[in-house]
Amino acid sequence: MKAAPFEYLRPSSVAEAVAALGPGSAVLAGGQSLVPLLNLRARRPALVVDVSWLPLAGVERTATALVLGALTRLRAAETSPVVRLAAPLLAEALTHVANVSVRNRGTVGGSVAHADPAAELPAVLLAADAVFTAHGPAGTRTIDARDFFLGPHRTALAADELLTAIRVPLLPSTARHGMAELSRRPDDLALAAVFTSLVSADGVVTDARVAVAGAAPTPIRAHAAERLLRGAVPTPDVLEAAAEAAAAETDPVDDVHAPAAYRRDMTAVLTRRALRQAVTE
Ligand SMILES: Cc1cc2nc3c(=O)[nH]c(=O)nc-3n(C[C@H](O)[C@H](O)[C@H](O)COP(=O)(O)OP(=O)(O)OC[C@H]3O[C@@H](n4cnc5c(N)ncnc54)[C@H](O)[C@@H]3O)c2cc1C
């Protein structure tokens, strides 16, 4: 099938892009999700605003954060030595997104704005307490990751806002990370995936992040699991309890890919694996 007819605009600035955006328009970045949706006529925008030419790509490390331009290609972020050093869990998660061809075109901002509940990037950025910068007609605002993902393919971005940057606060260099993902094929979206970062002092966990993809209408933070970990020595019993707590916090759907109960059970298994990796790495 071919896309329904639409007008096409290639703006030369963020301001021009934002001025053109609104209900009935669609932002085109890498096109890896939007173009299939257009061709399936699952989306029928009157106007496609092609922002892929705007200078919004790049990776920068400041004293407190890693900052990614929204149009940074997934592959560029994945292979960036700066990203690997500053945010190793993000770099690891990127290797699980689709395949190299898709990552060569797809952008970090596109993955976030697409907000697939099973996508790796939204979940790992939720674990990182990332902050998103959006430009709209009224200017610039920032949105915390915890307030950004509202439902499947639904975000806090307004129809006339463009996501321009992603700020990932740096964790201490002593942080240890783990991730575990289950998918039918290596390139597929996750049936469930877990991302975790632990900071410890004298063998006691002082900060714990556990985020889950694929097991709720949005990526989620497993807050009960994090509470069990904080202040604890991460023994196998503690990790087991945290894994069970994470599974209990999920709200999975039954769909053609897997029953809800399976996704919930797998969340416990994956959380245990990710935590073990973080503890033993
Ligand atoms: C074969 C295949 C396998 C895939 N497997 C995975 C996978 O395993 N994991 C995974 O996470 N994803 C997967 N995907 C999805 C894909 O990787 C991402 O959704 C995609 O890269 C999104 O980035 P993009 O730049 O291509 O966005 P586009 O397709 O251009 O846009 C996606 C959506 O985001 C909006 N948008 C894009 N940029 C902005 C912006 N700056 N501001 C506001 N809105 C914006 C668009 O309007 C659109 O609604 C797969 C895709 C394919 C084709």
Side-chain angles (χ1 to χ4, degrees), residues 3 6 8-11 14 17-18 20-40 42-58 68-78 90 92-126 132-136 140-141 143 148-149 152-166 179 181-193 195 211 213-214 218-219 257:
F6 55 80
Y8 173 86
L9 176 73
R10 188 195 287 180
V14 169
V18 166
L21 289 176
S25 69
V27 173
L28 175 68
Q32 297 305 295
S33 290
L34 182 65
V35 171
L37 291 171
L38 294 177
N39 285 340
L40 290 167
R43 288 194 61 182
R44 293 164 173 258
L47 173 67
V48 170
V49 180
D50 180 356
V51 299
S52 63
W53 298 84
L54 296 180
L56 291 174
L68 302 166
L71 291 176
T72 307
R73 306 278 178 195
L74 295 163
R75 181 71 172 159
E78 170 197 347
L90 171 60
E92 169 72 10
L94 282 159
T95 66
H96 291 260
V97 178
N99 50 51
V100 172
S101 310
V102 171
R103 296 200 295 274
N104 274 334
R105 292 295 306 163
T107 63
V108 293
S111 178
V112 168
H114 188 56
D116 192 309
E120 290 85 358
L121 216 52
V124 76
L125 292 170
L126 187 64
F132 304 116
T133 303
H135 280 248
T140 303
R141 68 176 177 129
I143 309 163
F148 189 83
F149 301 104
H153 306 290
R154 224 159 47 79
T155 72
L157 285 175
D160 55 3
E161 280 184 316
L162 186 67
L163 178 66
T164 52
I166 301 168
M179 78 158 280
E181 172 168 334
L182 178 70
S183 55
R184 283 179 176 270
R185 296 168 301 186
D187 298 356
D188 283 358
L189 286 154
L191 291 178
F195 306 86
T218 64
H257 303 296

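Both ligands and their constituent atoms are indexed starting at 1 by order of listing.
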Checklist line | Close residues, ligand 1: non-hydrogen atom nearer than 4.0 Å | finding: Val27, Leu28, Ala29, Gly30, Gly31, Gln32, Ser33, Leu34, Arg43, Leu74, His96, Val97, Ala98, Val102, Gly106, Thr107, Gly110, Ser111, Ala113, His114, Ala119, Glu120, Leu157, Leu162, Leu163, Asp187, Asp188, Leu189
Item checked: Leu157/Leu162 under side chain to side chain contact (heavy atoms under 4.5 Å, CB included): CA gap, chis, key distance, verdict -> CA-CA 8 Å; Leu157 285 175; Leu162 186 67; over 6 Å; no
Notebook entry, point to check: Is there a donor-acceptor contact under 3.5 Å from the side chain of Ser111 to the main chain of Val108?
Noted result: no
Check: Any sub-3.5 Å donor-acceptor pair from His153's side-chain atoms to His114's backbone N or O?
Finding: yes
Can you list, pair by pair, the side-chain donor-acceptor contacts under 3.5 Å of residues 69-76, counting residues two or more places apart and other chains?
from: Thr72; atom 1: OG1; to: Gly58; atom 2: N; distance (Å): 3.0
from: Thr72; atom 1: OG1; to: Gly58; atom 2: O; distance (Å): 3.2
from: Thr72; atom 1: OG1; to: Gly69; atom 2: N; distance (Å): 3.4
from: Thr72; atom 1: OG1; to: Gly69; atom 2: O; distance (Å): 2.6
from: Arg73; atom 1: NH1; to: Arg105; atom 2: O; distance (Å): 2.5
from: Arg75; atom 1: NH1; to: Glu78; atom 2: OE1; distance (Å): 3.4
from: Arg75; atom 1: NH1; to: Glu78; atom 2: OE2; distance (Å): 2.8

Notebook entry, point to check: Any salt bridge (Lys or Arg N to Asp or Glu O under 4.0 Å) pairs touching residues 26-39, not counting sequence neighbours?
Noted result: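 For residues 26-39, and leaving out neighbouring residues, there are no salt bridge (Lys or Arg N to Asp or Glu O under 4.0 Å) pairs at all.
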Checklist line | Summary of side chain to side chain donor-acceptor pair (under 3.5 Å) pairs that have at least one residue in residues 43-53, sequence neighbours excluded | finding: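 Every side chain to side chain donor-acceptor pair (under 3.5 Å) pair that includes a residue of residues 43-53, provided the two are not neighbours, is Tyr8-Asp50, Asp50-Ser52.
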